[in-house]
Amino acid sequence: MLLHRQALYLTSYDRSPEAVSWTAQALHTRRGLLSRRGWTPQWAEARSTATALARLGDPQPLWDFIERAVVNDDAGEAANLNYWAYWLGGTPLPQADDGFMRDRKLTGWDPVTLLRSLTNGLHDAPGYVDLYAHTLWSLLTAHPWLPQASGLLARELAGRTERLMDGGGISERSRRELGTVNYLLRDRT
């Protein structure tokens with residue numbers, strides 16, 4: 001399952017006609033996953049499907065995924081942070097399955113490492129800046145002390161969030177969440 005999920009995710013970066021066609025067909029069969037609310041055992045597959053569709057030019061499934069499977073669901077918010085921490089190198093050990101995403105205490109990773117990785121990747125978020133925006137908001141909500149942990153990093157992120165908000169091309173939810181992130185960064189540094 002993990003290999004298939006990763007194959008879909010990675011092929012969504014390939015813009016050749018063959019790869020786009022294969023990815024679109026493979027993703028079409030998984031759209032039903034996107035209607036589920038909160039954490040489910042298929043949460044990571046739904047996330048990969050939504051981000052791949054966004055990268056292929058259809059942001060609506062990602063917006064729906066954020067709304068249904070992440071926002072206002074503690075298990076979904078925790079899964080999102082745990083997932084990012086794992087894939088961005090914030091966890092010290094490899095994970096055998098997706099069970100680690102259910103840890104609501106958020107104890108298996110370093111929040112500063114995750115903030116640094118999200119900050120560094122924010123400008124490179126092809127098609128899914130909205131997921132980055134929500135994750136940054138969620139991370140700073142869960143760990144409000146983060147801006148004080150690294151003033152330089154907080155200032156860098158503040159600059160990036162301002163440029164994103166000034167540049168357009170983000171959803172209204174992302175604009176609000178990045179506005180909150182920017183306020184938290186400026187207020188606590």
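Worth saying up front: this structure is predicted, and the values here are computed from it rather than measured.
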How long is the straight-line distance from [atom2] of [Y] back to [atom1] of [X], given to the nearest 0.5 Å?
X	Y	atom1	atom2	answer
L88	T113	CG	OG1	10.0 Å
R173	W137	CZ	CH2	8.0 Å
N80	W43	CG	CH2	4.5 Å
L139	L114	CG	CG	5.0 Å
R186	E162	CZ	CD	4.0 Å
E67	Q60	CD	CD	10.5 Å

Among R160, R163, E156, side-chain contact (heavy atoms from CB on, under 4.5 Å) partner for L122: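 Filter result, single survivor: R160.
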Please answer whether the main-chain N or O of [Y] pairs with a side-chain N or O of [X] as donor and acceptor at a distance below 3.5 Å.
X	Y	value
D103	N82	no
S21	P17	no
N182	L178	no
T180	R176	yes
R15	V20	no
T161	A158	yes
T135	L131	yes
Q95	L93	yes

Work out which heavy atom in [X] is nearest to a heavy atom in [Y]; give both atom names and the distance.
X	Y	result
R36	Q42	NH1-OE1, 2.7 Å
G108	P92	O-CD, 3.4 Å
L118	Y132	O-CE2, 3.5 Å
P111	W145	CG-CZ2, 4.0 Å
V112	A149	CG2-CB, 3.9 Å

Within a strict 4.5 Å, meaning less than it, do heavy atoms of the [X] and [Y] side chains meet?
X	Y	value
P144	L184	no
L81	S138	yes
W87	S117	no

Which word best sums up how the rings of W109 and H143 line up, parallel for under 30°, tilted for 30 to 60°, or perpendicular for over 60°?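 W109 vs H143 ring planes: perpendicular.
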Begin with the C-alpha distance, continue with both residues' side-chain angles, and end with the deciding distance and a verdict on side chain to side chain contact (heavy atoms under 4.5 Å, CB included) for V71 and I66. CA-CA 6 Å; V71 173; I66 293 168; 3.8 Å; yes
For M101 and W39: C-alpha separation, side-chain torsions, deciding distance, then whether side chain to side chain contact (heavy atoms under 4.5 Å, CB included) applies. CA-CA 9 Å; M101 287 185 248; W39 165 263; 3.8 Å; yes
Should L185 and L146 be marked as a side chain to side chain contact (heavy atoms under 4.5 Å, CB included) after you check the CA-CA gap, both sets of side-chain angles, and the distance that decides it? CA-CA 9 Å; L185 293 169; L146 274 172; over 6 Å; no
Hey, any chance W63 and L56 share a hydrophobic cluster, counting ILVMFWY side chains that come within less than 4.5 Å of each other, even indirectly?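 No, W63 does not connect to L56 through the hydrophobic network.
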